[in-house]
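Residue numbers begin at 1 in each chain, while the letters A, B, ... track the order of the sequences.
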Number of protein chains: 2
Amino acid sequence: MTTDDSSEDPADGDAAGPEAVERARERVIEAMERSAEIYGLNRSYGRLYGTLFFADDPVSLDELVAESGYAKSTISTAMKDMERLHLVHRRSVPGEGKKAFFEAERDFWTVLQEFLRREVRREIDTMTRALEEAEAALEGVDDERARSDLEKVRDLRRTYERSEQLVGILTGSSVDRLTGLVDRLRRE
Amino acid sequence: MTTDDSSEDPADGDAAGPEAVERARERVIEAMERSAEIYGLNRSYGRLYGTLFFADDPVSLDELVAESGYAKSTISTAMKDMERLHLVHRRSVPGEGKKAFFEAERDFWTVLQEFLRREVRREIDTMTRALEEAEAALEGVDDERARSDLEKVRDLRRTYERSEQLVGILTGSSVDRLTGLVDRLRRE
DNA sequence: CGGAATATTCGGTTGATGCCGAATATACCG
DNA sequence: CGGTATATTCGGCATCAACCGAATATTCCG
């Protein structure tokens, strides 16, 4: 209970400003930690992404160590992982030797597209192959259970065909095209 | 190395048929285990889902225990979890007392829609709130860093607005409408 | 082609998760 | 309103994943 509280006065800007900025960042970064969790990633990834998100220039590993408190090895692994997911990009700065710098990918559409291309597409392929093999095996069998299974397998294969088409549309279209599409659909 | 191998002859149907059906099922169920993994679920969930997928009628906990070998408690938890994700439905059969039966949801569009409604929507809300708060806090600060952060926060908020619109479209449309939409887009 | 700066890999440790079986709670039936 | 059949919860063990720091590998520069 000191004399100064409730920093509504812009005259306090010099003192309250920087720490207000820090608090605002922290607030957003914590939300990013939660988001990471929701999408099956580590909380630490959310924090590291957030640090990169607010940086004006690419950030080195050592700076990330200083900022986050994680071990360098942890961050190295995290960066490799997030690069794979297209959440961060590696940049090298001329004159800085081997030093690696990272920046956040801010366009989530791209991130989603890459995920579809990499993971979902592969899942669809694997499942489709399994379904085709099962279908071939079941077609030869004259059995009530086989007929019942066959029908289910064929239904699922149709679902997966549809999904593949959708993934094709989503990964084949540019971000701009998709954005326009969403706008159009929203008005319909 | 017995006399009968290579079951290409339909006359062997009686002997080779049932085990061929079993193999076909197992093949698909294994693919489902992998898929579960890809989408951040437990492998066991893939197997349990697969068992339900091939069943013609709702399946009881005890039957799932017999089929899968997992402990009843494990399956009970798994079912609760998959119900939350709308991957399985609980059915009660009149005259069967308290006994619970489960069946697989085969329409993945529904599953995806429910995920968007439940998890993604909540993520968007949380993040949006954090961004709005940060925005409000930063607007009052006269500082270069604050201005830079503010711009980034606003950009991200716009992205999230777009995402929310898209989620709205996807969760608001019926499965049929979406299917038709995909068809139309594919032809464009 | 060394050597300095940096990144990556790897074994070990600690905390989280999956699964089990016993204990408990719940729903239905007579 | 018991009693029985069933589901759920909970504590404990085993396995797995995150993280660390030391050891190794890589890159770049002189």
Terminal axes of the helix from dC1(C)-dG30(D) to dG30(C)-dC1(D) (five pairs each): angle between them, nearest 10 degrees: 30°
message: Under 4.0 Å between a side-chain nitrogen and a carboxylate oxygen: does that hold for Glu26(B) and Arg23(B)?
response: no
query: Using 30° and 60° as the class limits, which term best fits the ring planes of Phe108(A) and Tyr160(B): parallel, tilted or perpendicular?
result: perpendicular
query: What pairs with Arg84(B) under side chain to side chain contact (heavy atoms under 4.5 Å, CB included), at least two apart in sequence or on another chain?
result: Asp81(B), Arg118(B), Glu119(B)
message: According to side chain to side chain contact (heavy atoms under 4.5 Å, CB included), who are the partners of Glu132(A), at least two apart in sequence or on a separate chain?
response: Thr128(A), Arg157(A)
- request: Rounded off to whole Å, could you give me the CG-to-C1' distance for the Leu64(B) and dC19(C) pair?
  value: 16 Å
field: Summary of salt bridge (charged side-chain N to carboxylate O under 4.0 Å, His left out) pairs that have at least one residue in residues 88-103 of chain B, sequence neighbours excluded
entry: Glu83(B)-Arg90(B), Arg91(B)-Glu103(B)
statement: In 5'-to-3' order, the base (B), backbone-only (S) or no-contact (-) status of each nucleotide in nucleotides 8-23 of chain D, using a 4.0 angstrom heavy-atom cut-off, is SB--------SSBB--
message: Using a strict threshold of under 4.0 Å (side-chain N to carboxylate O), is an ion pair present between Lys72(A) and Asp62(A)?
response: yes
- prompt: Quick one: side chain to side chain contact (heavy atoms under 4.5 Å, CB included) partners of Leu170(A), sequence neighbours excluded?
  reply: Leu116(A), Leu166(A), Leu178(A)
query: Atom CG of Asp62(A) to atom C1' of dT6(C): distance rounded to whole Å?
result: 8 Å
Distance, rounded to the nearest Å, where Met79(B) contributes CE and dT6(D) contributes P: 17 Å
task: Calculate the interatomic distance between Leu41(A) atom CG and dA16(C) atom C1'; express it in whole Å.
output: 17 Å
- prompt: Does a side-chain N-to-carboxylate-O contact under 4.0 Å join Arg34(B) and Glu30(B)?
  reply: no
